[in-house]
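Below is one structure, written out as structure tokens; the observations come after it.
Keep in mind that this is a model prediction, so the values were computed, not measured. Proteins come first, then strands; the chains are lettered A, B, ... in the order of their sequence lines, and each starts at number 1.
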Amino acid sequence: MKQISKKHPLAIRWFHWINFPVLFTMIWSGMLIYWANDVYHVGFGDKTALKLFPDWFYAPKRLMDTPLEYHLDSRLSEGMAWHFLTMWFFFFNGLMYVLYTAISGEWRYLLPNRHSAKEAFQVVLHDLHIRKEPLPPRKFNGAQQIAYTSVVIMGIGSLLTGLSIYKPTQFAWLTTSLGGYETARFIHFWLTMGYLGFFLIHVTQVIKAGWNNFRAMVTGYEVIDVPASASTSKASPAEELRP
Amino acid sequence: MEPTKQMKSEQQKISELRTNELSEPLSEEEAKRQIQHLSRRSFLRGGLVIGAGFLGWKWLNRQYTDDGTNWVFRRALQVNEGIVQGTFYSANHLSPTFPRAQAKDPRENGDFGLEEELDADAWRLHLYGLAEGGETTEEGMAMMPPPDASLTLEDIKKLPAVEMTTQLCCIEGWVEVVNWKGAKLSDFIEKYPPVKDENKLIPAYVGIETPDGAYYVGLDRESALHPQTLLCYEMNGKPLTPEHGAPLRLVIPVKYGIKNIKRIGVIRFTSERPKDYWAQQGYDWYAGL
């Protein structure tokens with residue numbers, strides 16, 4: 001026997017899916033801004049061992065007689081225009097999400113607790129096929145709680161470092177407390193790289209978890225197995241493993 | 001949940017589900033049928049949103065351009081400008097200052113308006129829009145009216161000299177600490193007062209140009225009057241070199257480097273927003289920090 005169970009509230013599904021194109025636009029426009037002054041590299045003193053974006057990235061070789069010129073390093077004004085328009089959507093969507101989870105009580109599923117770290121470690125072992133035991137039957141396991149809470153904190157970090165390099169004179173106190181303009185810009189950049197890392201792991205896990213799990217983020221419902229002692233009580237439905 | 005004896009209509013079951021967290025136990029096929037019914041609507045809605053987003057993006061790309069960017073972005077930049085000016089801009093917010101020893105010569109970035117050889121003796125700073133002086137025309141430089149005043153570098157140096165070591169923030173994203181010496185633009189405006197507007201304020205904008213008119217910036221009144229906005233003639237303890245804007249340049253830490261115009265030839269007080277070289281290329285006119 002099966003049951004159809006409500007999983008994700010409508011509001012959270014909207015926040016989630018709005019955030020997807022908004023964050024994508026923030027990252028892309030942010031890269032257009034970065035490429036205008038591509039300074040991050042691995043090196044010592046004046047010696048550069050590794051550039052983040054090597055020269056061929058900006059002027060790739062001709063491919064089948066078609067010049068591959070995207071002028072990625074000269075699209076600064078375009079990047080800034082997109083960035084400083086989209087930032088409002090990123091900010092308000094994130095703010096509404098945090099307020100909603102706080103007021104609705106959804107935060108109870110999302111905030112890590114003192115067991116989360118140990119559980120997250122077990123999840124990693126499980127995913128690496130080292131640990132055989134099934135994962136905890138909850139909406140979000142320890143690894144998810146840590147990941148989904150961290151990404152909100154990263155979002156706040158992006159807003160603060162962003163504000164400190166957007167208006168470093170008006171918010172001089174903030175810029176200075178973040179270690180100055182260049183440090184704040186560095187943090188702002190690596191938070192973005194953090195989102196890309198989050199995205200890769202997230203998508204991998206969603207693919208692994210399968211259609212039932214993905215569909216729940218669209219429709220809000222998932223199909224679950226009825227436990228052996230079949231009961232329609234709402235109290236504690238057994239839930240299958242899901243990310 | 002009430003056990004059901006009668007057959008319920010599909011709609012009833014679905015609406016029951018929408019209000020409950022959990023359905024009654026269902027057979028495999030029944031669960032499949034119901035979840036498909038529930039999903040159809042959500043995926044259809046999702047598809048419509050994606051479609052609308054795509055059309056919106058196409059629409060955005062079709063909009064007319066307003067100085068190098070389309071009017072939607074131009075408007076957004078102006079809204080941001082209004083928010084900055086209306087909520088947190090203050091003349092008391094100062095750009096951080098640094099120890100003199102940290103100052104370095106900045107890179108030579110941007111030589112627009114510096115092409116002609118500088119004749120330091122012949123150089124004059126021409127002012128338009130002064131309270132006392134010649135006639136001003138709305139046509140401005142196009143008509144080449146006689147300036148209200150033409151000053152020498154000595155006139156600027158008579159004003160109280162100010163020294164500061166601040167960060168020069170390039171819009172490209174790099175910053176450099178530089179030591180500057182010059183006169184406050186606010187002191188200069190007090191000495192050479194422009195025509196006041198109906199509110200007894202100086203005009204809302206200041207336009208500044210190189211002598212050949214090849215480079216030009218526009219400033220809002222508040223930024224022009226900021227205490228760290230200087231007309232500079234010395235950099236890192238030495239007179240300005242031609243590449244860095246000799247004989248006189250603007251240093252304005254509340255703006256990106258693009259507004260820090262070199263080799264000033266003309267200062268114009270005006271109630272209309274002056275043209276700005278980089279704003280015409282799609283950048284933010286305000287460019288405030």
Quiz item: Which value, rounded to the nearest 0.5 Å, describes the distance between A:Thr219 atom OG1 and B:Arg45 atom CZ?
Solution: 11.0 Å
Exercise. Mind listing the closest non-hydrogen atom pair of B:Phe43 and A:Arg215 along with its distance?
Key: CE1-CG, 4.0 Å
Self-check item: Residue B:Val84 versus chain A: region with a heavy atom under 4.5 Å
Solution: side chain
Quiz item: Is it the side chain or the backbone of B:Thr69 that comes within 4.5 Å of chain A heavy atoms, both, or neither?
Solution: side chain
Quiz prompt | Inter-residue atom distance B:Trp57.CH2 - A:Thr25.OG1, 0.5 Å rounding | solution = 10.5 Å
Quiz item: More than 12 foreign heavy atoms under 6.0 Å from CH2 of A:Trp14: is that the case here?
Solution: no
Exercise. Look at B:Ser39, B:Gly53, B:Ser27, B:Ala76 and state which one has the largest set of heavy-atom pairs under 4.5 Å with chain A.
Key: B:Ser39
Self-check item: B:Glu24 CD to A:Ile4 CD1 distance, which is reported to the nearest 0.5 Å
Solution: 9.5 Å
Self-check item: Within 6.0 Å of CZ in B:Phe88, more than 12 heavy atoms from elsewhere
Solution: yes
Quiz item: For the atom pair CG (A:Leu85) and CZ (B:Arg74), what is the distance rounded to the nearest 0.5 Å?
Solution: 13.0 Å
Quiz item: Should A:Trp17 and B:Ile50 count as side-chain neighbours, where that means a heavy-atom distance under 4.5 Å?
Solution: no
Quiz item: Do B:Gln34 and A:Tyr221 have side-chain heavy atoms sitting under 4.5 Å apart?
Solution: no
Quiz item: Hey, does B:Phe73 have a side-chain heavy atom less than 4.5 Å from the side chain of A:Glu78?
Solution: no
Exercise. Determine the sole option in A:Asn37, A:Ile33, A:Leu76 for which the side-chain contact (heavy atoms from CB on, under 4.5 Å) test with B:Ile171 is passed.
Key: A:Leu76
Quiz prompt | Residues, nucleotides or ligands: over 12 heavy atoms within 6.0 Å of B:Lys58 NZ | solution = no
Self-check item: Toward chain B: residues of residues 172-196 of chain A with heavy atoms under 4.5 Å
Solution: A:Ala172, A:Thr176, A:Tyr181, A:Glu182, A:Arg185
Quiz item: Excluding sequence neighbours, so at least two apart, what forms ring-ring contact (aromatic ring centres under 6.0 Å, His included) with A:Tyr100?
Solution: none
Practice problem: Determine whether B:Ile35 and A:Lys2 make a side-chain contact, defined as any pair of heavy atoms from C-beta on separated by less than 4.5 Å. | Solution: no
Exercise. Please look at B:Leu44 and chain A and tell me whether the side chain, the backbone, both or neither of the residue comes under 4.5 angstrom of a heavy atom of that chain.
Key: neither
Practice problem: Check whether B:Leu26 gets within reach of chain A through its side chain, its backbone, both or neither, counting any heavy atom under 4.5 Å. | Solution: both
Quiz item: Who are the side chain to side chain contact (heavy atoms under 4.5 Å, CB included) partners of B:Glu108, not counting sequence neighbours?
Solution: B:Glu243, B:His244
Quiz item: Can you name the nearest heavy-atom pair linking B:Asn80 to A:Trp88, along with the distance?
Solution: OD1-NE1, 2.7 Å
Quiz prompt | Residues of residues 277-289 of chain B within contact distance of chain A, non-hydrogen under 4.5 Å | solution = B:Gln281, B:Gly282, B:Tyr283, B:Tyr286, B:Gly288, B:Leu289
Practice problem: Count the heavy atoms belonging to other residues, nucleotides or ligands that lie under 6.0 Å from CZ of A:Phe89, then report whether that count exceeds 12. | Solution: no
Quiz item: For atom CE of A:Met1, is the number of surrounding heavy atoms from other residues, nucleotides or ligands below 6.0 Å larger than 12?
Solution: yes
